Amino acid sequence: MTDPVPAPADNRPYSPGLEGVIAGETALSFIDGEAGRLLYRGYPIGDLVKGGSYAAVAELLWTGDWDPSAKLACAPVPDAVMTALRALPVTAKPMDALRTAVSTWGAVANPGWPATADEARALTAASPSALAAFARIRQGLDPVAPDPDLDLVEGFLYMINGSRPDAETARALDAYFVVGAEHGFNASTFTCRVITSTRADLASAVCGAIGAMKGPLHGGAPSEVVEQIHEVGSPERAEEWVRGALASGTRLMGFGHRVYRAYDPRAAALREVAESMEHKPEWLELAMSVEDVALRVLAEKYPDRPLKTNVEFYAAPVLMGVGLTPDLFPATFALARHAGWTAHAIEQGANNRLIRPDVKYVGSGERHLPA
């Protein structure tokens with residue numbers, strides 16, 4: 001029996017998780033992890049939160065034009081989408097319901113290729129209505145029709161609760177949508193671009209992105225932050241709890257980031273909004289107390305590691321403060337990210353090349369079946 005023929009040597013570098021690999025070009029956002037900066041088409045995220053709205057930021061990402069007066073209302077749920085949502089078990093995860101809704105919307109709307117800004121607007125306006133409808137259906141309540149006079153974020157809360165939110169609540173959630181709208185080639189956005197590169201339609205690309213975001217390493221962290229803040233219970237217990245958690249090896253959720261080595265600028269923007277609220281929800285007050293203690297203790301325990309606050313830490317109390325249940329957090333994050341996903345699909349389609357990386361083979365050399 002002859003010896004196996006070895007596989008050809010491949011000495012090209014391999015980066016697990018594609019970390020550090022430049023896989024494309026984009027004009028949509030710039031992330032400076034060392035300095036803690038995030039720009040959307042050149043504009044700092046803090047300025048966009050202060051001077052704009054989610055609708056204005058979405059238009060900026062889709063078209064490159066800044067119009068602070070831009071409006072985008074939630075769209076009615078198509079009959080086929082409502083039928084699909086009603087057919088789901090009430091125990092279905094909201095991310096599954098959102099993915100189902102986007103898939104059904106795609107079958108009805110039949111978007112083409114390449115994706116357009118009009119398609120991006122239509123899908124971004126439809127998804128909040130679908131998620132709000134499912135949130136009510138699973139409670140045995142009738143869905144609420146969208147109010148065309150309300151902007152998207154305010155309209156989403158109206159359809160969830162059946163009443164218009166106060167201005168501070170709507171402002172806090174809008175700020176969350178702005179900071180969650182876009183963040184480079186993260187796992188879900190890269191998935192969206194890979195699917196788009198095959199000339200698949202916008203709904204298919206966003207369905208894939210939702211699937212990627214559903215994983216707990218991507219979209220699930222805010223729910224875990226809620227659990228930890230709940231365990232703390234009160235500002236007076238913050239230091240005792242943080243020190244005890246670190247001593248037992250428990251990871252503090254909402255601190256540290258794969259990209260940022262400085263304070264996450266998205267967290268800074270959300271905290272500023274929280275601090276400006278005249279009537280802060282109890283969750284926000286507690287989170288701010290816990291953060292101050294955690295940063296001090298982390299700096300003391302790990303002086304050589306830049307463990308700063310990330311966006312998930314403030315996402316949790318903001319989402320809790322506006323009345324959303326923790327199981328809705330990942331799907332609400334996905335609603336915010338619709339602007340970025342769809343903008344990347346448009347950008348990919350404008351200068352497309354099929355995304356098809358190579359892989360390093362580490363299996364057996366060539367061999368023959370035994371006689």
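For reference, positions follow the sequence shown, starting with 1. The structure displayed is predicted, hence computed values, not measured ones.
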### Query
Side-chain contact, heavy-atom cut-off 4.5 Å: D358 with R12?
yes
### Query
Any luck finding a side-chain donor-acceptor pair between T309 and E291 under 3.5 Å?
yes
### Query
Can you tell me how far the CD atom of E236 sits from the CG atom of L286, to the nearest 0.5 Å?
9.5 Å
### Message
Test salt bridge (charged side-chain N to carboxylate O under 4.0 Å, His left out) on E231 and R237; report intermediate values, then the result.
### Response
CA-CA 9 Å; E231 288 179 19; R237 289 196 64 242; over 6 Å; no
### Query
Would you say the side-chain atoms of E119 and T342 include a donor-acceptor pair closer than 3.5 Å?
no
### Query
Crowded around Q139 CD? As in, over 12 foreign heavy atoms under 6.0 Å?
yes
#### Entry: Electrostatic pair E300:R296 at N-O distance under 4.0 angstrom
no
### Message
What I want to find out is whether D47 reaches K50 closely enough, with some N-O distance under 4.0 Å, to be called a salt bridge.
### Response
no
### Query
Under 4.0 Å between a Lys/Arg side-chain N and an Asp/Glu carboxylate O for D327 and R138?
yes
### Task
Report whether V318 and V225 are members of the same hydrophobic cluster (ILVMFWY, side-chain heavy atoms less than 4.5 Å apart, transitive linking).
yes
### Query
With a 3.5 Å cut-off and no angle check, do the side chains of H183 and S29 form a donor-acceptor pair?
no
#### Entry: Rounded distance (nearest 0.5 Å) linking atom OG1 of T332 with atom CZ of F177
6.0 Å
### Task
Ignoring hydrogens and angles, state whether a donor on the side chain of S188 or N186 is under 3.5 Å from an acceptor on the partner side chain.
yes
## Note on the structure
Only one of W62, F185, F190 passes ring pair (Phe, Tyr, Trp, His ring centres under 6.0 Å) with H344, and that residue is F185
## Note on the structure
Separation between CG (L252) and CG (L246), nearest 0.5 Å, reads 4.5 Å
### Pairing of D96 and K93 as salt bridge, 4.0 angstrom limit
no
### Task
I would like to know whether R37 and D264 meet salt bridge (charged side-chain N to carboxylate O under 4.0 Å, His left out); could you show each step before the answer?
CA-CA 8 Å; R37 288 194 303 156; D264 188 331; over 6 Å; no
#### Entry: Side chains of Y314 and R271, donor plus acceptor under 3.5 Å
yes
### Task
Taking all heavy atoms of A70 and all of S53, pick out the closest pair and write down the distance.
O-OG, 4.2 Å
### Query
Near I22 CD1, under 6.0 Å, is it more than 12 heavy atoms from other residues, nucleotides or ligands?
no
### Message
Do Y302 and V297 sit in one hydrophobic cluster, given that two such residues count as connected whenever their side-chain heavy atoms are within less than 4.5 Å of each other, even indirectly?
### Response
yes
### Message
Ignoring hydrogens, what is the shortest heavy-atom contact between D67 and A56? Give both atom names and the distance.
### Response
O-CB, 3.4 Å
#### Entry: Ring geometry between Y43 and W66 (parallel below 30°, tilted from 30 to 60°, perpendicular above 60°)
tilted
### Message
Do L131 and L328 make a side-chain contact, defined as non-hydrogen atoms from C-beta onward lying under 4.5 Å apart?
### Response
yes
### Message
Rounded at 0.5 Å granularity, tell me how far CH2 in W241 sits from CD1 in I229.
### Response
9.0 Å
### Task
Tell me whether V322 is reachable from V226 by hopping between hydrophobic residues (I, L, V, M, F, W, Y) whose side-chain heavy atoms are closer than 4.5 Å.
yes
